[in-house]
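Note on naming: letters A, B, ... go to the chains in the order of the sequence lines (proteins, then strands), and numbering restarts at 1 for each one. Just so it is clear, the values below take in all heavy atoms, side chains as well, and ignore hydrogens, waters and symmetry mates. Bear in mind that the values here come from a model prediction, so they are computed numbers and not experimental data.
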Number of protein chains: 2
Amino acid sequence: MSASSVRDVALRAGVSVGTVSNVLNHPEKVSPSAVERVQRAIDELGFIRNDAARQLRNGRSRTIGMVVLDVRNPFFTDLARGAEDEAAGSGLMVTLGNSDENPAREATYLDLFEQQRVYGMVISAYADITERLIRLKQRGIPAVLVDRSSPDGEFSSVSVDDLAGGRLAVDHLISLGRRRLAFVGGPMGIRQVADRLEGARAAVAAHPDVSLEVIEIDALSVLAGRAAGADIVGRAPALRPDAIFAANDLVSMGLLQAFAMQGADVAVPGQIALIGYDDIDFASAAVVPLSSIRQPSALIGKTAVEILLAEVQDPSSPPRHVVFQPELVVRASTQA
Amino acid sequence: MSASSVRDVALRAGVSVGTVSNVLNHPEKVSPSAVERVQRAIDELGFIRNDAARQLRNGRSRTIGMVVLDVRNPFFTDLARGAEDEAAGSGLMVTLGNSDENPAREATYLDLFEQQRVYGMVISAYADITERLIRLKQRGIPAVLVDRSSPDGEFSSVSVDDLAGGRLAVDHLISLGRRRLAFVGGPMGIRQVADRLEGARAAVAAHPDVSLEVIEIDALSVLAGRAAGADIVGRAPALRPDAIFAANDLVSMGLLQAFAMQGADVAVPGQIALIGYDDIDFASAAVVPLSSIRQPSALIGKTAVEILLAEVQDPSSPPRHVVFQPELVVRASTQA
DNA sequence: TGATCGTATTGAATCGATTCAAAGAAGAAC
DNA sequence: GTTCTTCTTTGAATCGATTCAATACGATCA
């Protein structure tokens, strides 16, 4: 009926609990005959280790806690996938929490992971969590920030150069001859968004005849993009931008939907050239295949876990910062 | 340095460990002054409950384990999202494991969840896991199957009528006047795939002049769809189907990509009408907005957790089976 | 036969939160 | 002043796996 414990297994196999534990964790220390008997007892009883008890004793779980801004964004699932694969190589598991760009949800997951004494955390942060990171460090729980470097460089991070990404995108739009640019993204509190905008501004600054309008939205979602697109469609044609840089691909897909909608008929790229960010799989399959800025998503996740593992090995090692360079991917949405 | 325990808190607050625990779990049983002192001690020490110890004592964790076939499929993240929201209402958390249609990965996650003595499981199964479900029931861990009903009805499930979905899709294609249909999907071991095909066959059976070709692929992904699409493009036009029912939207998007590719130029729906399954957000934003069969994904997840909670309340209750009806969504990919 | 060394096994102690029977404290009633 | 109630607080026992010092067992050699 109820689950059996090492004690039951020991009883059945005619050995002590210590031996059972050794069979499970250090089989080389146990005589072959004992291993065999214990193994049989385990099978017969259907014994399954109680992870809580192991953890309690070991002081640390075999799970890596990961918090991302939005599980519905393929960029983050790719990221998670990369992390998961790397973790699996060391017998670790990744549990995924979705903050949905909500500080309360983010805090809930981080609290939970702390209570679970996770092996480490990989965090795509929304709010400023510096204090928590300090506490984690004191407690010996390593954390790696992804897609964002820590303000003071105190904590390891894996990120992509979002300024460069912003520049790449906007330089490309300008090279097409577009002059009335717009940036659609938000909330500005998200560092990636702010950085991409800053990169865009830098690129624009070099061209006195180019303007950059900033259209702030409250979430990086298809829905928010569609709403912003509807706004633009509602303007007199002369007041519309002739090129848009969207803070990510979900937003650019939303924009595209609004532009392609019956009655809207804003030609992309004819009237408005459109470029997004992340280069998610779906971007290439959009109504008009979308240009984008590609990030090595799975690699970012993998690298984050590598750093985590290294920090567990040597907790006193200095924080590492890996910055990947983004890449321009040109598709129909920005081709004359 | 190291984390503090209830004992430390008790010492600092000048009370016993029992009182500290009561403050945490049954504050109404403790005098206000004690609550206040304990609370202060907790804050000062930065005390964080050790979940492993709680679980060990309670015998069950506050986490629901969920295994899905593919986290990159928005259908499943929507499902997870629905489950998560419902669970949060009862102070539970959902951890997500991605089996990737791989029996070994699936088993690994299920093992892990058993070791963790999860509160319950929500499983979108790939392999036949009947034996495990029986064991779980014996151990008192409720499990709910999603998007698939158990063979013998022994275990609770929440599913969508995939036969009806298959019929809906194919009836629609036939009503457009198409006669040379194809079904693209696989592996056939996945019940949903088999059922959708069966529904399709049933619909075709009523029309002697309609044929249904089955094109089996090895995964329900964009990539596999693209490959199948390339195959079709490579055929002489007369040998191509004039309508395709894809087992899910990822596959249909892959097909569409292949058809729209430079040099392919297969008109959708002109030469080939195309309908998918799941109605993921991205389907409506595709090159040609995709018709699809809609499933109430978030609702499925929510319902699964509701059933789970009810089974924990009353373990002896009979298994419940909820079946939702799918819905046809017509878009440009099947409009003359 | 006894001493010595190496390997195998034992089982009590431990991790930290929760529970619950028992004890204590403070009032109320007579 | 004593007896009852009611409300708080206490702390030992518990959950189950792991660890490690202590012990047992065998084999080897003098």
Side-chain angles (χ1 to χ4, degrees), chain A residues 1-39 41-42 45-63 111-112 114-118 139-140, chain B residues 1-39 41-42 45-63 91 111-112 114-119 139-140:
Chain A
M1 183 96 201
S2 85
S4 43
S5 71
V6 276
R7 189 157 294 120
D8 303 317
V9 172
L11 214 65
R12 176 140 196 151
V15 298
S16 73
V17 293
T19 299
V20 173
S21 178
N22 279 333
V23 169
L24 293 170
N25 301 295
H26 312 282
E28 77 284 357
K29 290 187 172 175
V30 183
S31 71
S33 83
V35 170
E36 206 265 340
R37 265 178 303 149
V38 169
Q39 206 48 261
I42 287 176
L45 292 171
F47 166 76
I48 289 176
R49 260 146 118 158
N50 184 322
D51 212 45
R54 300 186 71 190
Q55 260 186 60
L56 175 58
R57 183 62 230 239
N58 292 331
R60 143 172 302 175
S61 97
R62 302 287 303 165
T63 291
D111 284 348
L112 210 97
E114 271 193 80
Q115 290 179 15
Q116 295 182 341
R117 307 290 193 267
V118 291
R139 287 173 179 275
Chain B
M1 184 95 201
S2 85
S4 41
S5 71
V6 275
R7 189 157 293 121
D8 303 319
V9 173
L11 215 65
R12 176 138 194 153
V15 297
S16 73
V17 292
T19 299
V20 174
S21 178
N22 279 332
V23 169
L24 293 170
N25 300 295
H26 312 283
E28 76 284 358
K29 291 187 173 176
V30 183
S31 70
S33 84
V35 170
E36 205 265 342
R37 264 178 304 151
V38 169
Q39 207 47 264
I42 287 175
L45 292 172
F47 166 77
I48 290 177
R49 257 147 124 159
N50 185 324
D51 213 44
R54 299 187 71 190
Q55 259 186 61
L56 175 56
R57 184 62 230 245
N58 293 331
R60 145 171 299 175
S61 97
R62 303 287 303 164
T63 292
D111 284 348
L112 210 98
E114 271 192 82
Q115 291 179 16
Q116 294 182 342
R117 305 291 193 268
V118 291
Y119 193 83
R139 287 172 178 276

* To do: Hey, could you give me each pair passing salt bridge (charged side-chain N to carboxylate O under 4.0 Å, His left out) that has a residue in residues 11-20 of chain B? Not counting sequence neighbours.
  => R12(B)-E44(B)
* Structure fact -> Note: G14(B) and R37(B) closest approach over all heavy atoms is O-NH1, 4.1 Å
* Specify the residue among E28(B) and V20(A) whose closest nucleotide of DNA chain D lies further upstream toward the 5′ end. => E28(B)
* Below 4.0 Å: OP1/OP2 of dT19(C) and any side-chain N or O of H26(B) -> yes
* Asked: Would you say the side chain of R62(B) lies within less than 4.5 Å of the side chain of D51(B), judging by non-hydrogen atoms?
  -> no
* **Pair R139(B) + E114(B): basic N to acidic O under 4.0 Å** => yes
* Asked: Reading nucleotides 9-17 of chain D from the 5' end, what letters show protein touch, with B for base, S for backbone sugar-phosphate only, - for no heavy atom under 4.0 Å?
  -> SBBBBBBBB
* Asked: Any donor and acceptor pair, going by atom type alone, linking the side chain of N25(A) with main-chain N or O of N22(A) inside 3.5 Å?
  -> no
* Structure fact -> Of all heavy-atom pairs linking D8(B) and A3(B), the shortest is OD2-O, 4.4 Å
* To do: Can you see which heavy atom on L24(A) is nearest to which on F47(A), and at what distance?
  => CD1-CE2, 3.9 Å
* **Intermediate values then yes/no, side chain to side chain contact (heavy atoms under 4.5 Å, CB included), R60(A) and Q55(A)** => CA-CA 6 Å; R60(A) 143 172 302 175; Q55(A) 260 186 60; over 6 Å; no
* Where along nucleotides 22-27 of chain C does protein come under 4.0 Å, by heavy atom, of base (B) or sugar-phosphate alone (S), with - for untouched nucleotides? -> ------
